[in-house]
Amino acid sequence: MNQATSQKTPSMDEFKSILKRHKMKATRQRLAVHEVMMDLGHASADMVCEELEAKGTAKVTVASVYNILSQLADIKVYSRRMSSNNKMYFDVLTSKHIHLYDKENHRFRDIFDDELMDLIRSRLKRRKFKGYTVEDIDIQIIAKPTRKIKTAL
């Protein structure tokens, strides 16, 4: 198993420990947001809010959910993903991996391809960008589905 696929989303107990380590309270709202993110994997604040409302676990505004997700991304619990519709999405998997972004349905899918990542890293290591130093590599493949995705009613 490669490094990317071996990483997992922090369990609720691990999540509480992370919050404590960063001197953040394990509020009902933060816990509810993390629970939803564990289920969704990739989500925008709107999506998390809709799921919270459907579950009835916590009453939280979209702005509060966005703030919680941003705080958690700042402490590296989640990572940020920008979509082509200029909406911020958050990802529970923070290890290096490739994203396939469905531009019609605004969904992300994780792609684990260590061979491709090594090839790109190797190529960029030899490449110089005048006036810049490469700090990180973030690959997002933008695609559209070849067939309609069925949605549950």
Side-chain angles (χ1 to χ4, degrees), residues 1-22 24 26 29-52 54-55 57 60 62 65-129 132-153:
M1 186 179 286
N2 64 36
Q3 180 186 354
T5 54
S6 65
Q7 184 185 357
K8 62 180 179 43
T9 306
S11 69
M12 204 51 84
D13 287 337
E14 292 166 333
F15 179 66
K16 289 176 185 176
S17 293
I18 292 167
L19 291 176
K20 189 175 185 176
R21 194 168 51 247
H22 288 277
M24 297 171 74
Q29 291 86 356
R30 283 186 181 129
L31 297 176
V33 165
H34 184 63
E35 184 178 336
V36 167
M37 284 298 294
M38 288 191 306
D39 292 338
L40 296 177
H42 301 92
S44 65
D46 293 335
M47 293 166 70
V48 172
C49 225
E50 287 171 16
E51 192 69 22
L52 287 170
K55 286 184 172 191
T57 51
V60 191
V62 174
V65 168
Y66 183 83
N67 288 337
I68 290 168
L69 291 168
S70 292
Q71 289 170 343
L72 296 173
D74 289 345
I75 64 170
K76 310 284 188 246
V77 174
Y78 307 138
S79 60
R80 291 177 173 89
R81 305 269 2 124
M82 182 59 79
S83 69
S84 65
N85 66 343
N86 290 322
K87 190 177 241 185
M88 183 63 68
Y89 286 75
F90 295 85
D91 183 0
V92 297
L93 190 58
T94 59
S95 64
K96 288 293 167 203
H97 60 284
I98 300 166
H99 284 95
L100 180 70
Y101 175 68
D102 174 344
K103 71 178 193 172
E104 288 185 8
N105 297 293
H106 306 292
R107 293 188 176 142
F108 288 91
R109 193 171 111 200
D110 294 326
I111 307 292
F112 302 102
D113 188 332
D114 288 343
E115 186 179 342
L116 178 59
M117 289 299 291
D118 290 344
L119 181 68
I120 292 167
R121 273 190 215 101
S122 172
R123 174 77 170 107
L124 287 176
K125 196 181 285 186
R126 294 188 308 262
R127 176 83 195 269
K128 301 293 181 208
F129 299 96
Y132 292 92
T133 301
V134 175
E135 290 185 352
D136 199 8
I137 300 168
D138 184 16
I139 301 170
Q140 180 166 298
I141 301 166
I142 301 169
K144 66 179 187 177
T146 55
R147 54 190 142 95
K148 287 282 186 202
I149 295 175
K150 294 180 182 177
T151 55
L153 297 177

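Counting begins at 1 with the first residue of the sequence.
Under the 4.5 Å side-chain criterion, counting only non-hydrogen atoms from C-beta, I75 is not in contact with R21. In this structure, the side chains of E104 and P145 come closer than 4.5 Å at one or more pairs of heavy atoms. Within the 4.5 Å cutoff, the side chain of H22 has heavy atoms near those of the I18 side chain. Residues L93 and T9 form no side-chain contact, since every pair of their non-hydrogen atoms from C-beta on lies 4.5 Å or further apart.
Note: D136 CG to L124 CG = 11.0 Å, rounded to the nearest 0.5 Å. To the nearest 0.5 angstrom, Y66 atom OH is 5.0 Å from F90 atom CZ. In this structure, M47 CE and K87 NZ are separated by 8.0 Å, a value rounded to the nearest 0.5 Å. The CG atom of D74 sits 10.5 Å away from the CG atom of N67 when rounded to the nearest 0.5 Å. With rounding to the nearest 0.5 angstrom, the CZ atom of R107 is 12.5 Å from the CG atom of L100. Residue K96 holds its NZ atom at 8.0 Å from CD1 of I137, rounded to the nearest 0.5 Å.
More than 12 heavy-atom neighbours from other residues, nucleotides or ligands sit within 6.0 angstrom of CZ on F129.
The main-chain N or O of S70 is found under 3.5 Å from a side-chain atom of R80 such that the two form a donor-acceptor pair.
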Stepwise side chain to side chain contact (heavy atoms under 4.5 Å, CB included) check, D102 with F108 = CA-CA 6 Å; D102 174 344; F108 288 91; over 6 Å; no
Exercise for the section: Apply side chain to side chain contact (heavy atoms under 4.5 Å, CB included) to D110 and H42, showing your working. Expected result: CA-CA 9 Å; D110 294 326; H42 301 92; 2.9 Å; yes
Could you walk me through whether H97 and F112 pass the ring-ring contact (aromatic ring centres under 6.0 Å, His included) test, one step at a time?
CA-CA 6 Å; H97 60 284; F112 302 102; 5.6 Å; yes
- Task: Run the numbers on D91 and H99 for side-chain hydrogen bond (donor to acceptor under 3.5 Å, both in side chains), then give the verdict.
- Result: CA-CA 10 Å; D91 183 0; H99 284 95; 2.7 Å; yes
Next item on the list: Could you please spell out the steps behind the side chain to side chain contact (heavy atoms under 4.5 Å, CB included) verdict for M117 and I139?
Entry: CA-CA 9 Å; M117 289 299 291; I139 301 170; 3.6 Å; yes
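For the residue pair R126/S122, the side-chain donor-acceptor check at 3.5 Å is satisfied. For H34 and Y78, the side-chain atoms include at least one donor-acceptor pair closer than 3.5 Å.
Shown here for M82 and N86, the closest heavy-atom pair between the two residues is SD-C, 3.6 Å. Closest heavy-atom contact between V77 and T94: O-CG2, 3.5 Å. The shortest non-hydrogen separation linking C49 to V60 is SG-O, 3.1 Å. Here the closest non-hydrogen pair linking M38 and P10 is SD-O, 3.5 Å. Between L31 and A26, the closest heavy-atom pair is CD1-O, 3.7 Å.
A salt bridge links K55 and D39; the closest N-O separation between the charged side-chain nitrogens and carboxylate oxygens is under 4.0 Å.
Partner of Y101 under the side-chain hydrogen bond (donor to acceptor under 3.5 Å, both in side chains) criterion, out of Q140, H106, R81: H106 alone.
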